[in-house]
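Some notes on the structure that comes next.
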Amino acid sequence: MPLRMKQLSAQDHALIEPIDQDRMLARTQSWADINSGTGNLAGVGHMGNTLADALSDLPGEVSLHEPEPVMTVDPDGREIEKAHGKHLVLSVRPEAERRFLLTGHMDTVFPADHPFQDQKWLDDDTLNGPGTADMKGGIAVIAEALVAFEAGPDAALVGYDVMINSDEETGSLSSAKLITQLAQGKTAALTYEPSALPDGTLAHARGGSGNYALTFTGRSAHAGRNPQEGRNALVAAADCVVRLKTMQHADLPINPARIDGGAANNVVPDHAILRFNIRPKTTYAGEAFASDLKDLLQLLELQHEVTIACHGGITRPPKPVDDKAQKLFDLVRDTGALLGQNIGWKATGGVCDGNNIAANHVPVVDTMGVRGGAIHSPDEFMIVSSLTERAQLSALVLQRLATGAAL
């Protein structure tokens, strides 16, 4: 037992004593065996039903919510609806005056045909497997921490919602409305993304994120006989890429990612789609880009004599850390110190549902999940002992929030 755990009260010890690492590990491994890549709707559905069963021991009502419609642009430039899985919500004591929000996601970045489907032990405390860190281990922590919390005397003082969505890895477009609804009136929120670093460092302030698809429509012509009559959509798209990069600055990383379209070598291409991502670090940077992009597209249409349709926008607003959010970070740090955990934080350019929650003026710590690393790759790993660390941390943080920790 770490030396600092001697500072815990008898009630604290009683609260965390039942936390069972073997149970969390078994759940994580079982869930990691289910392929739940965002687009694998059968796998996501299986995962949702499995999680509903796992959370059924907690008081409250478990429900599966239909996804909101999401439109995307296909390679031909048509707007089509993209299907998503259902989102799970557990609502406990909705009548309570003081309520919290806990969130996670059941989807992974590994589709059903991805070669990374199996687990292996790297050493006695490190498990390599799809979604083990991001974030099926985190969901196991949620379930275990809440069972421990509910066994204590303070749970009845508060209520909470747990949301596990099916589309976080692709931007939470079909669950954003649900997140906003659930965030309303909440005192605080905890999200169970894996730690920012394997040592347990939390993500602090986050930038935002926006995804765009620009469809360029020109005029086809023979590349040898009458090229002057054509209007090259591919050239216009390429020009746009170069100009977008000149708009980049310290508060606005811009990443042109892909151009679809083109034609045969002897045809002036009349169709191209440019897809790009921006990462505004401030609200102002995002708003200024929207205005600048409008001006740029008008200029390109005039110069290249093409038409340009713009699809997309900022879906994850920047997440600054205000005074209330900082108090929640401080509470997590101080609670971790009692458990012998040295918890720090750092700003990050990554985004998650914590961005959406913070946009509703709810203080949130969004990396309460397991320690691990190499997420989104076949090297993804979870540090198994962190299941217990994070479950104990969460149970005690919830207890302190329930008894009136000031934010």
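Any value given below was found using the heavy atoms of this structure, including those in side chains, with hydrogens, waters and symmetry copies removed.
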Test item: side-chain donor near acceptor, [X] and [Y], under 3.5 Å:
{"X": "S9", "Y": "D12", "result": "yes"}
{"X": "D167", "Y": "S175", "result": "yes"}
{"X": "T191", "Y": "T103", "result": "yes"}
{"X": "D251", "Y": "T282", "result": "no"}
{"X": "S172", "Y": "D353", "result": "yes"}
{"X": "Q248", "Y": "N255", "result": "no"}

So do the side chains of [X] and [Y] get within less than 4.5 Å of each other, counting heavy atoms only?
{"X": "S36", "Y": "T108", "answer": "yes"}
{"X": "R98", "Y": "L157", "answer": "no"}
{"X": "L293", "Y": "Y212", "answer": "yes"}
{"X": "V92", "Y": "L146", "answer": "no"}
{"X": "L58", "Y": "V147", "answer": "yes"}
{"X": "I80", "Y": "T72", "answer": "yes"}
{"X": "H204", "Y": "Q326", "answer": "yes"}
{"X": "L178", "Y": "N165", "answer": "no"}

Mind checking the [atom1]-[atom2] spacing from [X] to [Y]? Nearest 0.5 Å is all I need.
{"X": "L173", "Y": "N211", "atom1": "CG", "atom2": "CG", "value": "8.0 Å"}
{"X": "L297", "Y": "F216", "atom1": "CG", "atom2": "CZ", "value": "6.5 Å"}
{"X": "H376", "Y": "F116", "atom1": "NE2", "atom2": "CZ", "value": "11.5 Å"}
{"X": "F276", "Y": "K245", "atom1": "CZ", "atom2": "NZ", "value": "11.5 Å"}
{"X": "C310", "Y": "L296", "atom1": "SG", "atom2": "CG", "value": "10.0 Å"}
{"X": "S394", "Y": "M368", "atom1": "OG", "atom2": "CE", "value": "3.5 Å"}

Are there over 12 heavy-atom neighbours, none belonging to [X], within less than 6.0 Å of that residue's [atom1]?
{"X": "Q303", "atom1": "CD", "value": "yes"}
{"X": "H114", "atom1": "NE2", "value": "yes"}
{"X": "E17", "atom1": "CD", "value": "no"}

Q.
I'd like to know whether the aromatic ring centres of F149 and F100 sit less than 6.0 Å apart in this structure.
A.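 So the answer is no for these two rings.
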
Of the non-hydrogen atoms in [X] and [Y], which two are nearest, and what is the gap between them?
{"X": "P59", "Y": "R93", "value": "CG-NH1, 4.1 Å"}
{"X": "Q11", "Y": "Q399", "value": "NE2-NE2, 3.5 Å"}
{"X": "I254", "Y": "P256", "value": "O-CD, 3.5 Å"}
{"X": "N360", "Y": "A183", "value": "CB-CB, 3.9 Å"}
{"X": "I164", "Y": "H105", "value": "CG2-C, 3.8 Å"}
{"X": "H304", "Y": "R231", "value": "O-CD, 3.7 Å"}

Do NZ/NE/NH1/NH2 and the carboxylate oxygens of [X] and [Y] come within less than 4.0 Å?
{"X": "D334", "Y": "R400", "value": "no"}
{"X": "K120", "Y": "D118", "value": "no"}
{"X": "R316", "Y": "E168", "value": "yes"}
{"X": "D76", "Y": "R78", "value": "yes"}
{"X": "D330", "Y": "K327", "value": "no"}

Q.
Tell me which one of K82, E68, H87, H65 satisfies side chain to side chain donor-acceptor pair (under 3.5 Å) with S174.
A.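 Result: among K82, E68, H87, H65, H87 is the only option passing the side chain to side chain donor-acceptor pair (under 3.5 Å) with S174.
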
**Q.** Option from N128, I375, L25, T126 for which side chain to side chain contact (heavy atoms under 4.5 Å, CB included) with M382 holds
**A.**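 Among the candidates, only L25 passes.
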
Q) Just one of D154, V158, L331, T187 clears the side chain to side chain contact (heavy atoms under 4.5 Å, CB included) bar with L401, so which one? A)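 Output: one option passes, namely L331.
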
Q: Dump the intermediate steps for side chain to side chain contact (heavy atoms under 4.5 Å, CB included) on L398 and L190, then the final yes or no.
A: CA-CA 9 Å; L398 287 169; L190 303 173; 4.2 Å; yes

